[in-house]
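See structure below.
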Amino acid sequence: MKTGTARKLHRGHFAFMRALAQGLDERASWDRYLRLEGEHTDLRTVRRTIAWIRDEFAAAARRESRPGTARLILLDPDRFPAAPALPSLAEFAAAQGLEDFSETEQIEAYEAAYPATGGGGGQGARPSRRAQVIERQLEALRWLENLVAQDPRPGDSVLAWLNPSVAARLERAGVPTLSALVDRVNGIGARWWAHVPGVGELKAARILDWLCANQQALGLRIGSHALKPRAQLAPLALAAVVPTGTALVPYEKFVLPAELDGSAGSNRAPRERCLLMAANDHEAIGAWLSAKRPGDATGELSATQRSYRKEAERLLLWAVLERRKALSSLTVEDAIDYRDFLLDPPDRWCGARHHQRWSPLWRPMEGPLAQSALRQAIAILRSLYAFLVNQNYLVGNPFATLAPPSSLQQPLDSRRALSFAQWDHVDALLQAHADTEARRRLRRGMRWLYATGLRLAEITGAKCEDLEQVEDRTADGVATTGWQLAVAGKGGRGRQVPVPAALVAELEDELARHGFERQVGAVSNRGIHVLARFDTESRRPVAWSASGLYQAIKAFVAQASAGLQGAEAQQLKKASTHWLRHSHGAHALRGRNGQVPVPIQVVQNNLGHASVGTTAIYLTTDRAPSLAPVRAAG
């Protein structure tokens, strides 16, 4: 426990100790009042907790200069014999054959037999020493409860209220206070505990029960969306978690204040010449995003469209919340300052990537932008303003002449690609730990990314019907069969990417394991994603989200790094989905012992590069040749 952070006594502690003093069932009382402390079957925890409570009670009594009360609290009533059980008056009369006597005569006989009772069939009997101790302890507990029992407060440390070992794990996961704990629960939902090592579903349920029971005292509410699994929530339930407002919220929930909505922006073109129906800057951005979406597009936005929205969203939030200007009033000087802002955003603007747009924990940025990301941001904003100028919504583009960071193409950073040895290490672990649906799915995702070089959005969007078996001939004329995956890449450009037959066979095994047709191209398999989640309650498997795959890979490579040493381990710990794409390009072009390097045009196609010059960057890495060659996936 941290120095200066003491656990606090709450009313449940007093209720539990009163129950014990009165001889009530310890197990039932524990489950009723102290379930948050742990399982009643863990006798060490129960005994340790009871000892701690008694010590705290006694210490509180001593602080009030009541040493006698302190000693009384620590007494065990079982040390004293209980009073003998006396018969009732009716039982005495029956035993003595006095049923036909009057009640007065029965009482006289009872008092003669038990003179200490004072008559009345046991009523008024002097209590035993044990009963006296219990009664005095109950009185002491009532006095102490009014004196020291506390209600939880939002700023209290988790160490003050929760089981010490659980509280320590929460602190290590960045949840130091009760308010931070409630924020975590509301921000992530029912599986808020998944990224807290050592806190599983059972411990999390106990914590959630306690938080719900103390909502009024805390003044903090657990949202209804956090009480059900995500799969059981309707989209509207998630959409209602964060209200609309003028705050750090996503574009679709951001409300422009009237004085900054752009209707009177200093750079607005004459209204009669404007080709947009947009009345303000929010609507103007919406028109631009709609124009960027293909006419036949349905469902979720593509990765490119999400990138457009992200950059426009960030600028709109910055203009209104930080600059206190309408987006249609920004100048060249504002554009320069915004570029600097992206390189050093304040902490309140930054959050973890996996927090989704419905979550209160969502933030516009993860941290300072890298040079490549900054170049892309400026290019997108230049495009946004060019659109608004072309539609006669604005008279000028403040980003038109803004110099981006150097765009000279640099050799691929070899630190962002796995070595052959690192990939072999990872692939061996994937093979050894494929005993659950989730682990097999993770293995499928990582091996497909490495073998194909697909982007994250491309692999999570791939479906069974996108796979096609094709025939080919080797250089010496031998007929062969293989598989190709139809991929819709950036800008809607389609391409066919070869897939190792072993990976398709693994997918077919998974389909058959869950009751679907083994043949991947079967009509009944249409709509099933290559990285489908088969562990849901839905009749049909659902797609694994891009963020889910990204987080799973990050967690796995962090664990896998424990099997390596030094710089190799540190580098592997940083790996992500995009590293597997880099690894595909570098490894395929270099080849491995016993394998011919893949032609650069094939690798260009696999990666979806518009220019072969971009693919050639992978040839400049100088790290791979010194590493031991290993087998390719599949």
Side-chain angles (χ1 to χ4, degrees), residues 1-2 4-21 24 28-40 45-46 49-50 52-57 59-61 63-64 73 138 140-171 173-190 192-193 196 199 201-228 240-243 359-361:
M1 185 179 300
K2 284 187 175 181
T5 302
R7 294 188 68 193
K8 297 186 178 183
L9 293 168
H10 58 73
R11 301 191 186 279
H13 292 128
F14 288 91
F16 175 72
M17 295 305 290
R18 280 197 297 270
L20 289 193
L24 299 181
S29 300
W30 179 274
D31 284 344
R32 182 174 183 180
Y33 300 116
L34 295 183
R35 184 168 175 262
L36 183 66
E37 301 284 345
E39 287 298 310
H40 65 264
T45 295
V46 173
T49 303
I50 291 174
W52 171 78
I53 293 173
R54 282 180 170 157
D55 288 345
E56 288 295 309
F57 286 176
R63 287 195 299 270
E64 296 298 312
I73 291 293
L138 293 176
L141 289 174
R142 284 190 287 270
W143 170 74
L144 266 178
E145 182 172 1
N146 291 329
L147 181 69
V148 300
Q150 301 183 53
D151 289 327
R153 292 291 179 262
D156 288 346
S157 167
V158 290
L159 286 163
W161 295 101
L162 307 183
N163 178 287
S165 64
V166 173
R169 291 164 184 162
L170 287 170
E171 280 211 322
V175 187
T177 64
L178 295 180
S179 61
L181 177 58
V182 172
D183 288 344
R184 172 70 70 98
V185 172
N186 285 334
I188 297 178
W192 64 268
W193 48 270
V196 183
V199 175
E201 190 169 5
L202 186 59
K203 291 185 179 72
R206 290 199 293 262
I207 292 172
L208 193 58
D209 287 345
W210 183 82
L211 289 174
C212 289
N214 286 278
Q215 286 184 115
Q216 186 172 356
L218 281 168
L220 300 173
R221 178 177 169 273
I222 300 296
S224 58
H225 69 282
L227 304 177
K228 292 182 179 180
V241 173
V242 174
S359 169
L361 299 179

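Computed over heavy atoms, backbone and side chain alike; hydrogens, waters and symmetry mates excluded. Bear in mind that the values here come from a model prediction, so they are computed numbers and not experimental data.
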Legend entry - Side-chain heavy atoms of Lys203 within contact of Trp193, under 4.5 Å: no

Legend entry - Approximate separation, where rounding is to 0.5 Å, of Ile50 CD1 and Trp30 CH2: 6.5 Å

Legend entry - Considering all heavy atoms, the nearest Ala204-Val199 contact: N-CG1, 4.2 Å

Legend entry - N/O donor-acceptor pair under 3.5 Å between Glu171 side chain and Val158 backbone: no

Inset, instruction - Keeping the roles fixed (side chain from Asn214, backbone from Leu220), state whether a donor-acceptor pair exists under 3.5 Å. - result: no

Inset, instruction - Ignoring hydrogens and angles, tell me if any N or O in the side chain of Arg184 forms a donor-acceptor pair with the backbone of Ser179 under 3.5 Å. - result: no

Legend entry - Within-4.5 Å side-chain heavy-atom neighbours: Leu208 and Leu227: yes

Inset, instruction - Hey, could you give me the OG1/CZ distance between Thr49 and Arg54, rounded to the nearest 0.5 Å? - result: 12.0 Å

Legend entry - Pairwise side-chain contact, Val182 with Arg221, heavy-atom cut-off 4.5 Å (strictly under): no

Legend entry - Given Asn163, Leu181, Val185, the one that forms side-chain contact (heavy atoms from CB on, under 4.5 Å) with Ile207: Leu181

Inset, instruction - Taking all non-hydrogen atoms of both residues into account, name the closest pair between Lys8 and Trp52 and its distance. - result: O-CH2, 4.0 Å

Inset, instruction - Please round to the nearest 0.5 Å and tell me the distance separating atom CG of Asp156 and atom OG1 of Thr177. - result: 9.0 Å

Inset, instruction - Could you check if a side-chain atom of Arg18 sits within less than 4.5 angstrom of a side-chain atom of Leu138, using non-hydrogen atoms only? - result: yes

Inset, instruction - State the CG-CG distance between Leu170 and Leu159, to the nearest 0.5 angstrom. - result: 9.0 Å

Inset, instruction - Kindly indicate whether the side chain of Pro360, heavy atoms from C-beta on, has any atom under 4.5 Å from the side chain of Val241. - result: yes

Inset, instruction - Step by step, work out the side chain to side chain contact (heavy atoms under 4.5 Å, CB included) result for Leu34 and Met17. - result: CA-CA 10 Å; Leu34 295 183; Met17 295 305 290; over 6 Å; no

Legend entry - Nearest atoms (heavy-atom pairs only) where Pro154 meets Leu218: CG-O, 3.1 Å

Legend entry - Beyond-backbone contact of Leu178 with Trp210, side-chain heavy atoms, under 4.5 angstrom: yes

Inset, instruction - With rounding to the nearest 0.5 Å, note down the distance linking CZ in Arg153 to CH2 in Trp161. - result: 8.5 Å

Inset, instruction - Report, as yes or no, whether the 6.0 Å neighbourhood of atom CZ on Arg11 holds more than 12 heavy atoms from other residues, nucleotides or ligands. - result: yes

Inset, instruction - Indicate the ring-plane relationship of Phe14 and Phe57, choosing parallel, tilted or perpendicular according to the 30° and 60° boundaries. - result: parallel

